[in-house]
Amino acid sequence: MTKIDPNAPIGVFDSGVGGLTVAREIMRNLPMEKIIYFGDTARVPYGSKSRDTVIRYSRQIVRFLREQQVKAIVVACNTASALALSTLEKESDIPIIGVVKPGARVAIETTKKKRVGVIATEATINSHLYRELIRQMDPEITVVGRPCPLFVPLVEEGWLHDSVTETVARRYLKDLQDQDIDTLILGCTHYPLLRSLIGEIMGERVTLVNPAYETSLALKRLLEAGGMMNPGTARSEFPYRFFVSDAAEKFKHFANSILPFDVNMTEQINIEEY
Ligand code: DGL
C-alpha cells in the first residue's frame, strides 16, 4: 500500500446518479471527509451489461479517481461491486470497498428466520454474490433474489410516489411476499429511494436493509483502523466535487433533489480517455 494522506478525499463512484444515496450516507456519517463523486451518466445502466464491460468501465473510473489523489475508493454501485470489485481490489494499492459485503453482513445479523430476500439489477442477481457471501458466513440461510429492472428508470423519472411505480412494485415483490422472508436487501443504489413503498408492500415483519448506510459505517471502520480519518484541519470550504461522463445538468437536478444542499457545479469529463 502507498502512503496515505488523511486529508485526501474519498473517491465514490457509480454508474450514474444512484450512488448519491451512498455518498449521502457517507456525508452524514463521516462529515469531516471530502468526497469526489463520479457518475458514469454516459454509460448507465450497468445492470444490463456484461461482467467484462463493467470491469472495463470500473477500471477507467478508478484510474480517473487515482488521478484526483483519493485516499480510498467506494464502489457505490451494487452492479459494479458484484461484477468488478474483486478484480479492482487485486489491482489497487489503496483501500477499495463496495456495497455488497456490508449489505450482506447486516442481513445475516438481521434475519431470525434465516430467510433473506435480495432485490437488485439483473446483473447483480445473476452474479449470485449476495447469496454467496451470505451463505459463506451462514450456510443455513436461504437467499431469494428478484431483479427489479424497472425501478431504476422510475426513480430517475422522479416517480417515487406514483401509482405506476406502486403497480410495478407490487408485481415485482409478489413472489417475495410468498417466500416467508423476514429481511430484504435493497441491493441497488436507487431502491432506498423507494423504501417507504417497498416497506409498505412487504409489511412490518420484513426488515429492509440499506447497503448504502452499512457501507458508510464500513468505510468509517476502515478509515479508523488505517489511521486515515480526516482530522478536518485542511478542509476546503465546500468539500464535495461531482464529475459525470454526460448530461451534467440532469445529474445536478437529481442530486439537488436528494442531497441536503445545492450542487452548483458538476464537471463533465471524457472517461474513455482513462
Ligand atoms: N447503480 C446500479 C446498481 O446499484 C443501478 C443502475 C444501473 O443499472 O447502472 O446496481
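If you read the sequence from its start, that first residue is 1, and numbering goes on from there. When a ligand or atom number is given, it counts from 1 through the structure's own listing order.
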Exercise. Is ligand 1 less than 4.0 angstrom away from at least one heavy atom of Cys188?
Worked result: yes

Problem set entry | Taking every non-hydrogen atom, the tightest pair across Thr41 and Phe251 | CG2-CD1, 4.2 Å

Exercise. Looking only at heavy atoms, which two atoms of Leu186 and Arg195 are closest? And how far apart?
Worked result: CD1-CG, 4.3 Å

With a cut-off of 4.0 Å, which atoms of ligand 1 are near a heavy atom of [X]?
X	result
Val44	9 (O)
Asp14	1 (N)
Gly47	7 (C), 8 (O), 9 (O)
Ser15	1 (N), 2 (C), 6 (C), 7 (C), 9 (O)

Quick one: look at [X] and ligand 1, take heavy-atom pairs under 4.0 Å, and tell me if it's side chain, backbone, both or neither.
X	answer
Thr189	both
Val99	neither
Thr121	side chain

Problem set entry | Identity and distance of the protein heavy atom lying nearest atom 10 (O) of ligand 1 | Thr79 OG1, 2.6 Å

Exercise. Based purely on interatomic distance, does Tyr46 place a nitrogen or oxygen under 3.5 Å from a nitrogen or oxygen of ligand 1?
Worked result: yes

Exercise. Hey, is Lys220 close enough to Glu33 for a salt bridge, meaning N to O under 4.0 Å?
Worked result: no

Exercise. Can the ring centres of Phe151 and Tyr172 be said to be less than 6.0 Å apart?
Worked result: yes

